[in-house]
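Please read these numbers as outputs of a predicted model, since none were measured by experiment. Numbers restart at 1 for each chain; the letters A, B, ... are given by sequence-line order, proteins then strands.
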Amino acid sequence: AQKVTQAQTEISVVEKEDVTLDCVYETRDTTYYLFWYKQPPSGELVFLIRRNSFDEQNEISGRYSWNFQKSTSSFNFTITASQVVDSAVYFCALSEARDSNYQLIWGAGTKLIIKP
Amino acid sequence: NAGVTQTPKFQVLKTGQSMTLQCAQDMNHEYMSWYRQDPGMGLRLIHYSVGAGITDQGEVPNGYNVSRSTTEDFPLRLLSAAPSQTSVYFCASSYSLAGGPQYFGPGTRLTVT
């Protein structure tokens, strides 16, 4: 069963629009971690944020904000006033314990295109 | 502080050839892993290591071997390359097994003909 679902395969918006990337996860663990990573066209993977399962506070970092809701098993990512440089593939990932080890389970990614 | 480095950046192999993808980190991270990224499939874990001398299989280990003789290095060996192994390979390291963010190398783009 898919554990991390990013239902939006591709999103295209015009610069300065706000955009929300959805992430829905599935886990039986009470302790887990959620992540967002960015992969720009250059190909590297950049860590953006980590959230643990006991901290449901929303986080804001500049134009980026994250909404973690355990009730709906979602960890959505919003970019306010998008810019062309935000164009990238964004991955959501879940870290949960498997056989006493933690492994990252990745969503398939959402390709975000910001048009000038 | 170079972070996570990978060599080579690009490689073309013929079916049946073997090679080693190099990965090194200078952050003294215990946890290292190898992923492959294929179009539309996100990242899939090949092998990982929780410390020197300890390795384990991930989701797609067949056709690959790893070893971890030092904390810094985690090479990935392709035993007999197949076209299905054409992919982009990423190495990553983390300071914490329990949910630490992973820091990635720049990737190796491998083509097997």
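Under the 4.5 Å side-chain heavy-atom criterion for Ile, Leu, Val, Met, Phe, Trp and Tyr, Phe91(A) and Val24(A) are members of distinct hydrophobic clusters. One hydrophobic cluster, built from ILVMFWY side chains closer than 4.5 Å, holds both Tyr90(A) and Leu94(A). Val60(B) and Val4(A) fall into different hydrophobic clusters, where Ile, Leu, Val, Met, Phe, Trp and Tyr are joined by side-chain heavy atoms under 4.5 Å apart, directly or via other members. Both Tyr103(B) and Val89(A) belong to a common hydrophobic cluster when Ile, Leu, Val, Met, Phe, Trp and Tyr are linked at side-chain heavy-atom distances under 4.5 angstrom. Leu45(A) and Met32(B) sit in two unconnected hydrophobic clusters of ILVMFWY residues. Membership requires side-chain heavy atoms under 4.5 Å apart, directly or through other members.
At a threshold of 4.5 Å between non-hydrogen side-chain atoms, the residues Pro101(B) and Tyr37(A) count as touching. With a 4.5 Å cut-off on side-chain heavy atoms, Tyr35(B) and Leu104(A) count as touching. Taking 4.5 Å as the limit, every side-chain heavy atom of Gln37(B) sits out of range of all side-chain heavy atoms of Trp106(A).
Within a 6.0 Å radius of CZ in Arg44(B), other residues, nucleotides and ligands contribute more than 12 heavy atoms. The environment of Gln57(A) atom CD is sparse: at most 12 non-hydrogen atoms of other residues, nucleotides or ligands sit within 6.0 angstrom. Within a 6.0 Å radius of NZ in Lys70(A), more than 12 heavy atoms belonging to other residues, nucleotides or ligands are found.
Here Gly100(B) is the residue among Gly100(B), Gly58(B), Ser96(B), Pro106(B) with the most heavy-atom pairs under 4.5 Å with chain A. In terms of non-hydrogen atom pairs under 4.5 Å with chain B, the most contact-rich of Glu44(A), Lys111(A), Arg50(A) is Arg50(A).
Taking OG of Ser94(B) as the start and CZ of Phe47(A) as the end, the distance is 9.0 Å to the nearest 0.5 Å. Remark: Phe90(B) CZ to Gln39(A) CD distance equals 5.0 Å, nearest 0.5 Å.
At a 4.5 Å heavy-atom cutoff, the contact between Leu45(B) and chain A is made by side-chain atoms alone.
Interface residues of residues 75-87 of chain B toward chain A, defined by a heavy-atom distance below 4.5 Å: none.
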